[in-house]
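Just so we're clear, the structure is a prediction, and the values are computed from it rather than from any experiment. We name chains A, B, ... by the order of the sequence lines, and we start the count at 1 in each one. Basis for what follows: all heavy atoms, side chains included, without hydrogens, waters or symmetry-related copies.
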Amino acid sequence: MGEVLSAAHITKSYGERTIIRDINVHLNEQEIVCLLGVSGVGKTTLFHILSGLNLPDSGRVVLNGREITGQPGKISYMLQKDLLLPYKRIIDNVALPLTIRGMNKQKAREKAAVYFEQFGLAGTEFEYPAQLSGGMRQRAALLRTYLSSEGVALLDEPFSALDTITKSAIHDWYLDIMQKISLSTLFITHDIDEAIVLSDRIYILSGSPGQITDEIEIAEKRPRARDFSLTPAFLSYKKQIVTALGPGSFRI
Amino acid sequence: MPEHENSRKVRDARAGFQKHVPAVLNLLAIAAVWLMLTEGGIVPNYMLPSPVAVVKAFVSDFPTLMYHSGVSLAEAILGLLIGIVLAFLIAVLMDRFITCRRALYPVMVVTQTIPTVAIAPILVLWMGFGMAPKITLVVITTFFPIAVGLLDGFSGVDQDAVDLMRSMGAGRRQIFLQIKLPSALGQFFSGLKISASYSVVGAVVAEWLGGFRGLGVYMTRVRKAYSFDKMFAVIILIVIISLLLIAAVNLLRRAVMPWERVQENRS
Ligand SMILES: Nc1ncnc2c1ncn2[C@@H]1O[C@H](COP(=O)(O)OP(=O)(O)OP(=O)(O)O)[C@@H](O)[C@H]1O
Ligand SMILES: [Mg+2]
C-alpha cells in the first residue's frame with residue numbers, strides 16, 4: 001500500500017491566532033483515515049489546505065509524489081455542507097465535476113447516471129435537491145465527490161446531518177461501496193463511534209493551536225461485522241480515543 | 001401517477017385562483033362605490049366621470065388608444081431590453097473589478113436622483129421628437145433596479161459553493177456561469193419586475209414633454225380638451241398594460257427558474 005497523499009509541517013494562522021501547528025498526516029492507497037477533534041480545533045482549516053483552496057503559512061502537501069500545495073482541483077473535496085446547487089437537477093449536480101473538466105453535458109450525464117443505483121439514488125436523476133431527503137442529498141454529494149476524484153477524497157463530516165439509525169445504515173452502505181470503488185479517503189467527524197467503525201486509522205487533532213496528538217490504528221479486519229460496535233475491542237478503542245482527546249471532551 | 005399529477009394541478013390551480021379572490025372583491029367594491037358616487041349624483045361629473053362614461057370613451061376611442069399603446073409599449077419594451085443589457089454589463093464589470101464598482105456606483109445612484117420630468121425635455125432637445133428620447137428615459141429609469149438586483153445577487157453568492165467549484169478545478173468563468181449567475185437570477189427577476197412596472201410610466205412621462213405619438217401625447221391632448229372620461233380611460237389602460245408586463249416577467253421567471261416551483265410545492 002503506497003502513500004498517495006501526505007502533508008508535512010502544515011501551520012496556519014488567521015491574524016494573530018495560530019489555528020493549527022506543524023501538522024503531519026498521510027494517507028495510503030485504499031485507506032480510510034479519520035481526523036477526529038473537537039469543534040473549532042481546525043479540522044476544516046486543515047482540509048482547506050490539503051485541498052489546495054487555502055495556502056498554509058508553512059508546510060507542503062504532496063499528492064502521488066507531486067507537490068500540490070495551494071493548487072485546488074487535484075483532490076476531490078466534500079465540504080461540510082452538502083452544497084447541492086438548488087437550481088440544478090440531481091444528475092447535473094452530480095455530473096458537475098465532469099462538465100467543469102470540459103465534458104459535454106450529455107456525456108457527463110451518461111457517465112454519472114451509471115452510479116445512481118449504487119448510491120441509492122435511482123429515480124432521483126431529474127429531481128431538484130429540494131425534493132430529496134437529507135440522506136439522499138448527502139449521498140448525492142458523495143457521488144459528486146467520487147466523480148470528481150482521481151482516487152483521493154477529503155470528506156468533511158459527510159454523515160453529520162443524519163440521525164443514529166440512518167447513520168448506521170449509511171455506514172454499512174459506505175463501507176460496502178468503498179470496497180467496490182477504489183478511493184482513498186480522509187474524513188472528518190465529531191462522532192467517535194463513527195470514526196472507529198469506518199476507519200483504518202484515526203488522527204486525533206487537539207489543543208490550541210491544534211496539533212496531531214495521537215494516531216490510533218483500528219486493526220479490526222474488513223468487512224467488519226455489523227455488531228463490531230458492541231464488542232469489547234470496540235469499547236477499548238473508544239476508551240483509548242476518549243483518553244487521547246483529553247478531559248471534558250467526551251461529549252463532542 | 002398521471003392522475004395524481006392531474007388532480008394536483010387542479011388543486012394548485014384552484015388554490016391559485018382562491019388566492020386572488022380578496023383582491024378581485026376589493027376592486028369590485030371600489031368600482032361599485034365609484035359608480036354610486038357618480039351615477040348617484042354625489043360627485044359632479046366634471047370632477048369625476050362615471051365608470052360608464054369611461055368605458056364608453058374607451059370603446060369609442062379604442063382604435064386610437066391601441067395605436068398610441070403600440071407606440072408606448074414599443075418604447076417601454078425596447079427601453080427595458082436595453083436597460084437589461086446595460087444593467088448586466090455594469091453589474092458584471094462592477095462585480096469583477098472593485099475599482100469599477102467604486103467608480104460607477106455613485107454615478108448610478110446619481111442618475112436615479114435626477115427627476116425624470118426635468119430630464120425628459122433636455123433629452124427631447126438633444127434627440128428630437130422621435131422615440132429615441134423616450135427609450136433613453138425608460139433605460140435610465142429601468143436599468144437601476146435590475147443592476148442593483150444582479151449586483152446583490154452576485155455578491156451574495158455562497159462562498160462555500162465557490163470553494164466547492166474551485167476544489168473541482170473550476171476557473172473564474174465557470175464559477176460565474178455555474179454559481180454566480182444562477183444564484184443572482186432571483187434578485188434579477190425581482191429587479192426586472194420593478195423595472196417593468198416603471199417602464200410604461202417612464203415612456204408616458206417622456207411623451208408628455210414632447211412628441212407626436214404615444215399614450216402620453218394622447219393624455220396631454222385629452223387633458224387640454226377637458227375630456228376627463230378619456231383621461232380616466234387612458235389611465236386605466238396604462239395600469240392594465242403595466243400589469244400585463246409584470247405578468248409577462250412572472251411567466252418568464254417561472255420558465256427560467258423551474259426549481260423555484262419545486263421548492264414552493266414542498267413548503
Ligand atoms: N477564514 C477565517 N478567518 C479567521 N478565522 C478562521 C477562519 N476560518 C476558520 N477560522 C477559525 O479557525 C478555527 C478553526 O476552524 P475550523 O473551521 O477549522 O474548525 P473545525 O475543527 O472544522 O470545527 P467544526 O468541527 O465545528 O467544523 C475557528 O476558531 C475559526 O473561528
Ligand atoms: Mg469543520
Side-chain angles (χ1 to χ4, degrees), chain A residues 44-45 47-55 68 70-90 92-103 105 108 123-124 126-133 141 144-150 152-156, chain B residues 1-2 4-5 8-9 11-12 88 149-150 152-192 250-267:
Chain A
T44 300
T45 305
F47 266 32
H48 266 59
I49 291 167
L50 294 177
S51 68
L53 287 176
N54 287 343
L55 271 173
I68 56 153
Q71 295 172 28
K74 306 273 194 271
I75 301 179
S76 57
Y77 183 12
M78 177 170 161
L79 284 91
Q80 201 159 353
K81 305 191 258 171
D82 66 43
L83 280 177
L84 295 176
L85 306 176
Y87 42 83
K88 281 185 188 290
R89 296 177 191 279
I90 297 301
D92 295 325
N93 259 295
V94 164
L96 188 61
L98 304 175
T99 48
I100 285 175
R101 272 186 234 142
M103 198 182 280
K105 188 167 161 175
T124 64
F126 293 96
E127 312 249 280
Y128 287 104
Q131 293 169 285
L132 266 57
S133 72
R144 177 181 58 195
T145 311
Y146 170 61
L147 284 175
S148 76
S149 86
E150 285 165 43
V152 181
L154 304 173
L155 313 177
D156 195 345
Chain B
M1 187 68 185
H4 163 83
E5 188 84 338
R8 205 190 67 197
K9 261 183 196 155
R11 189 158 39 86
D12 283 356
F88 200 84
L150 275 173
D152 285 350
F154 289 158
S155 47
V157 69
D158 185 354
Q159 192 51 44
D160 288 331
V162 173
D163 278 347
L164 173 77
M165 290 292 286
R166 289 212 301 130
S167 82
M168 294 192 280
R172 204 190 281 277
R173 198 181 66 92
Q174 276 169 325
I175 291 173
F176 180 79
L177 290 177
Q178 308 268 15
I179 305 285
K180 287 202 165 181
L181 195 55
S183 312
L185 274 180
Q187 270 146 308
F188 165 74
F189 276 110
S190 305
L192 184 58
N250 284 339
L251 276 179
L252 191 65
R253 180 179 185 141
R254 284 175 74 88
V256 173
M257 306 176 69
W259 59 91
E260 272 196 336
R261 250 171 299 160
V262 170
Q263 280 155 347
E264 252 168 51
N265 284 345
R266 265 182 78 94
S267 57

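Contact detail for B:Gln174 and A:Thr99: the closest heavy-atom pair is NE2-O, 4.0 Å. Between B:Ser167 and A:Pro72, the shortest heavy-atom contact is CA-CB, 4.2 Å. The heavy-atom pair separating A:Leu53 from B:Arg166 by the smallest distance is O-NH2, 2.8 Å. B:Ala161 approaches A:Leu83 most closely through the heavy-atom pair N-CD2, 3.9 Å.
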message = For a side chain to side chain contact (heavy atoms under 4.5 Å, CB included) check, start with the C-alpha distance between A:His48 and B:Asp163, then their side-chain angles and the critical distance, and finish with the verdict.
response = CA-CA 9 Å; A:His48 266 59; B:Asp163 278 347; 3.4 Å; yes
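Listed for the A:Tyr87 side chain is a donor-acceptor partner under 3.5 Å among the backbone atoms of B:Gln178.
Distance CE/B:Met168 to CZ/A:Arg144: 5.5 Å, rounded to 0.5 Å. A distance of 9.0 Å separates CG of B:Leu164 from CG of A:Leu84, quoted to the nearest 0.5 Å.
Contacts between A:Ile75 and chain B at a heavy-atom distance below 4.5 Å involve the backbone alone (N, CA, C, O). Contact of B:Ile179 with chain A is made through backbone and side chain together, with heavy-atom distances under 4.5 Å.
Around CZ of A:Arg101, the count of heavy atoms belonging to other residues, nucleotides or ligands within 6.0 Å exceeds 12.
Note: A:Lys81 leads A:Met78, A:Lys81, A:Lys88 in heavy-atom pairs under 4.5 Å with chain B.
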